[in-house]
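See below for the structure under consideration.
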Protein chains: 2
Amino acid sequence: MITNKNCIIRLSRYKNALYRLQALGFVKVFSDNLADSVGSTASQVRKDFSLFGISGNKKGGYQIDILLEKLNSILGKDQLQKVIVIGAGHIGSALMRYRGFEKEGIKILGGFDIDPAKINRNSVVPILPLEEVKAFIKAQGIKIAILAVPDIAAQQAVEMITGAGIKGVLNFAPLRLKDVEGCIINNVNLEIELENLIYFVNVEAKIK
Amino acid sequence: MITNKNCIIRLSRYKNALYRLQALGFVKVFSDNLADSVGSTASQVRKDFSLFGISGNKKGGYQIDILLEKLNSILGKDQLQKVIVIGAGHIGSALMRYRGFEKEGIKILGGFDIDPAKINRNSVVPILPLEEVKAFIKAQGIKIAILAVPDIAAQQAVEMITGAGIKGVLNFAPLRLKDVEGCIINNVNLEIELENLIYFVNVEAKIK
DNA sequence: ATCATATTGTTACTATTTTCACAATAACCA
DNA sequence: TGGTTATTGTGAAAATAGTAACAATATGAT
Ligand SMILES: NC(=O)c1ccc[n+]([C@@H]2O[C@H](COP(=O)([O-])OP(=O)(O)OC[C@H]3O[C@@H](n4cnc5c(N)ncnc54)[C@H](O)[C@@H]3O)[C@@H](O)[C@H]2O)c1
Ligand SMILES: NC(=O)c1ccc[n+]([C@@H]2O[C@H](COP(=O)([O-])OP(=O)(O)OC[C@H]3O[C@@H](n4cnc5c(N)ncnc54)[C@H](O)[C@@H]3O)[C@@H](O)[C@H]2O)c1
């Protein structure tokens, strides 16, 4: 079982590139085409596929539609992925208004907030009171949540939603949440992303 | 010169943890304390420090204030980091309204948009017309930009701002931008982040 | 039908990253 | 003061990730 995060990210990139190639009318693809479109190497592409038992045709490359089917299945794109957002503030609202997730088969079913002023049951993605989140998760069988609450509220929120059945959290609050048994917590820490970028820009500047 | 991105991310985490420890009244810290607070190992902490020539005291651990000074210097936190945002839509606005960057010494000086309706020279972070971006970058000596424009606009936007002196871009558009000589492009691809999380949640579910 | 060629799939190799282990030594204690 | 102990700093080992090489083979050309 593959636990290499970068490898899975590459699979997403291959998938995206394949849709583009398909839209351009291509029916098959070679490992080096695909490598070019995602900025990788042909070896890496074949190695990645090999890890998942994906095979093509000697001299014939890979048939795009079959490849897409396999990648989509690995990535869970053969079923609609239901997601909720906790915290309907700046980031939470931006995510809920974003149309890009739907064409990726990711549907945000609702947002939840403690601030009564944020509640709106009639918006495209309804914003509901936090008290309803547990029932909602259970009723809809939701596994994935995006956490966009202030950092002081994050730990408690995670415990609440994992208690109700959430198995994966994408956390935007800039702190390390305590591991929860049976739940994967991934972080999007934009402060750290920027700090990282700044470091590498400075390093480059020093070389010259 | 260290090019290991994860290592630099860990430095950011150490730094953040050290501020928390300092706020709690601690003056010195041991590698295993620090490891605990960031979810790493004592060996990893000492190795990371060793790579940057940071040393502590045998049996005495590390003095937090000195350590912070060194980490801050490595991470470029000893000077204000000026940033601009291209695209004042949902994500761009959320970022510009976010107060969290300032306490990290990161200041968003302005946003730029092609849509005249978005322009607002009087908001806390002024939103200016895109035509002014080149002059602004040069006048203010800006090196870092956050790109929050629709994907079709992203490539052209990058070329424009790198031409004016931008050396690092944090790109939110879900596509691979062509490398630009002398500029580092890091991506925050939230579709892929979610896809990744979904994969690992599914894998966990299958194990059981 | 045969041959030359292009491309895969996998194994072997290399590089990078993390972990381990322990000598060196500063701090503390009796 | 001398001995004991806790902790660092680092080089060696292990684990992980990525690259290269090439045998196997399907395809298309003649
Ligand atoms: N906005 C950004 O650009 C940005 C950038 C980096 C990190 N972040 C992080 O993302 C998180 C959200 O940021 P934001 O700017 O959207 O903040 P925000 O204040 O705009 O929104 C937070 C929302 O969460 C709600 N909330 C508070 N406690 C809650 C709880 N227990 N349960 C449910 N909802 C709750 C609030 O009512 C508010 O609507 C924060 O942790 C912030 O540090 C934001
Ligand atoms: N909103 C999200 O939650 C979200 C999630 C994932 C990815 N993204 C990506 O982030 C980017 C921005 O998303 P958004 O939701 O903020 O979009 P948005 O449409 O709300 O905002 C985009 C803004 O960019 C401006 N713009 C267009 N072309 C421009 C140009 N050439 N120069 C300057 N400004 C220009 C538009 O006028 C608009 O104000 C997109 O690439 C999107 O795919 C957004």
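Note that the coordinates shown come from a computational prediction; the quantities given were computed from them, not determined experimentally. Throughout, a chain's letter reflects where its sequence line sits, starting with A, and its residues are numbered from 1.
To the nearest angstrom, P of C:dT7 lies 15 Å from CZ of A:F49. In this structure, B:I9 atom CD1 and C:dT18 atom C1' are separated by 16 Å, rounded to whole Å. Atom C1' of nucleotide D:dA26 and atom CG of A:N57 are separated by 8 Å, given to the nearest angstrom. In this structure, CZ of A:F30 is placed 11 Å from C1' of C:dT8, rounded to the nearest angstrom. Summarising the geometry, the separation between NZ on B:K28 and P on D:dT7 is reported as 8 Å, rounded to the nearest angstrom. The CG-P distance, from A:D48 to C:dG9, rounds to 13 Å in whole Å. Between the P atom of C:dT7 and the CG atom of A:L67 lies a distance of 16 Å, rounded to the nearest Å. The separation between B:K5 atom NZ and C:dT16 atom C1' is 17 Å, rounded to whole Å.
Here B:Q44 does not reach the OP1 or OP2 of C:dT17: none of its side-chain N or O atoms lies under 4.0 Å away. OP1 or OP2 of C:dG9 lies within a sub-4.0 Å distance of a side-chain N or O belonging to A:Y62. Regarding contacts with the backbone of D:dT8, a side-chain N or O of B:R46 is found under 4.0 angstrom from either OP1 or OP2. The phosphate of D:dA20 has neither OP1 nor OP2 within less than 4.0 Å of any side-chain N or O from A:S43. Dashed line: the shortest gap from a side-chain N or O of B:S50 to OP1 or OP2 of D:dG9 is not under 4.0 Å.
When distances are taken from the side chain of B:K58 to each of D:dA21, D:dT8, D:dG18, the shortest belongs to D:dT8.
Of the residues near DNA chain C, A:G60 and A:K47, the one whose nearest nucleotide (by heavy atom distance) lies more toward the 5' end is A:G60. Nearest-nucleotide positions on DNA chain D place A:T3 closer to the 5' end than the other of A:T3 and A:K59.
With respect to the salt-bridge test (charged N to carboxylate O, under 4.0 angstrom), the residues B:K15 and B:E69 do not qualify. With respect to the salt-bridge test (charged N to carboxylate O, under 4.0 angstrom), the residues B:K5 and A:E193 qualify.
Contact annotation for B:N4: backbone-only contact, meaning every heavy-atom pair under 4.0 Å involves sugar-phosphate atoms and none involves a base. Contacts of A:T41 with the nucleic acid, taken as non-hydrogen atoms under 4.0 Å apart, involve only primed sugar atoms and P, OP1 or OP2.
For the 3.5 Å distance criterion, the side chains of A:Y199 and A:E204 fail to qualify, holding no donor opposite an acceptor. At a cut-off of 3.5 Å, with distance as the only test, no side-chain donor of A:N72 or A:D78 sits close to an acceptor on the other residue.
A donor-acceptor distance shorter than 3.5 angstrom exists from the side chain of B:S93 to the backbone of B:G89, with no hydrogens or angles considered.
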